[in-house]
Amino acid sequence: MTTTRPFIIALDLDNRAKRLELLRSFNSESLFVKVGMELFYREGLQVIEELKQSGHRIFLDLKLHDIPNTVQRTMKELAALDVDIVNVHAAGGQRMMEGAVEGLEAGTPTGRKRPVLIAVTQLTSTDEDMMQKQLLIEKPLTEVVQSYAQLAKKSSVDGVVCSAQEVPFIHDACGETFYTVCPGIRRAEDEKGDQKRVVTPQKARELGSWGIVVGRSITTADDPFSVYKTMKQQWEGLK
Ligand SMILES: O=c1ccn([C@@H]2O[C@H](COP(=O)(O)O)[C@@H](O)[C@H]2O)c(=O)[nH]1
């Protein structure tokens, strides 16, 4: 992917009108946007086409997690959409992730680069207490994230979704060029909501994150464009 260190806006909005209003307020700026389950299940394939026609790059965040055969076949379909990033849950295991890569490669039209594939390690809404008490995973969270990242790399996946807090550990285990896409980004003054492992844009940069994903700090702001500009400057080390 040619984009260096993307700032990705999660288009998690109640309805189509609100999404169009938000994008209009960005004054036709070319963006990197995230289409999550809420938006995709509401607006379908048409939203991908619309966003591409407007010149935006797209992270299609459907977090596939199923048996290897199903993930492979689904990724083959997604490859035809010409989005920039797609993802799976690393918890699906090595064969499932390998299947995802195979499906993407099979489905990408000749002459086009296949979408980058990343794997969710542990959701940023999870903390160690929840992991141990609810998911019954006894090891420290950082070790689990690092180990899932290693498994993703072994499966030929291009990178992971993680909190920026874990990026240095992932770089140690998987190398600096392994993509790290980090949600759970908040300014110091923002509400955390359901996010547990949060990091500011500046800190995410310092920790070496490749990309960040920002949703509610922007989408619920009175002036989303101004918050975007500020957070993007912080991410780029300009503020
Ligand atoms: O571990 C993960 C994986 C994905 N997400 C997604 O990112 C955005 C974050 O939104 P905020 O409003 O900035 O919290 C959202 O679409 C999630 O589905 C994540 O948060 N954590």
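All heavy atoms count here, side chains included; hydrogens, waters and symmetry mates do not. Whatever order the structure lists them in is the order used to number ligands and atoms, beginning at 1.
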message = So if I count the atoms of ligand 1 from 1 in the order they appear, which ones are less than 4.0 Å from some heavy atom of K63?
response = 3 (C), 4 (C), 18 (O)

task = Check ligand 1 against P183 and write out every atom of the ligand that is under 4.0 Å from a heavy-atom position of the residue.
result = 2 (C), 3 (C), 4 (C), 5 (N), 7 (O), 19 (C), 20 (O), 21 (N)

task = Before accepting this row, confirm whether a basic side-chain N of the pair R216/E191 lies closer than 4.0 Å to the acidic partner's carboxylate O.
result = no

inquiry  = Out of R216, R197, Q195, who is nearest to atom 9 (C) of ligand 1 when you count heavy atoms only?
reply    = Q195

ask   = Within the distance-only criterion (no hydrogens, no angle test), does the side chain of N15 pair as donor or acceptor with the backbone N or O of A17 below 3.5 angstrom?
value = yes

query = Considering distance alone, does some N or O of D12 sit under 3.5 Å from an N or O of ligand 1?
reply = yes

Please set out all donor-acceptor pairs under 3.5 angstrom arising from side-chain atoms of residues 138-154, sequence neighbours excluded.
| residue | atom | partner | partner atom | Å |
| --- | --- | --- | --- | --- |
| Q146 | NE2 | F169 | O | 2.9 |
| K153 | NZ | C174 | O | 2.9 |

task = Report the part of R186 (side chain from C-beta onward, or backbone N, CA, C, O) that has a heavy atom under 4.0 Å from ligand 1; answer both or neither where that applies.
result = side chain

inquiry  = Would V213 count as being in polar contact with ligand 1, using the rule that some N or O on each side must be under 3.5 angstrom apart?
reply    = no

query = Regarding R5 and the six-membered ring of W210, is the cationic atom NZ or CZ under 6.0 Å from the ring centre and inside 45° of its axis?
reply = no

query = Between E206 and K203, is there a salt bridge with N-O shorter than 4.0 Å?
reply = yes

request  = Quick one: look up the protein heavy atom nearest atom 17 (C) of ligand 1 and list residue, atom name and how far away it is.
outcome  = K34 NZ, 4.1 Å

ask   = Taking all non-hydrogen atoms of both residues, which atom of K192 and which atom of K196 are closest, and how far apart?
value = NZ-O, 4.4 Å

query = Against heavy atoms of L123, which atoms of ligand 1 measure under 4.0 Å?
reply = 1 (O), 2 (C), 3 (C)

inquiry  = Other residues, nucleotides and ligands only: do more than 12 of their heavy atoms fall within 6.0 Å of CZ on R73?
reply    = no

query = Tell me: protein heavy atom nearest atom 13 (O) of ligand 1, and distance?
reply = G215 N, 2.8 Å

message = Checking contacts here: is it the side chain or the backbone of T124 that comes within 4.0 Å of ligand 1, counting heavy atoms only? Could be both or neither.
response = both

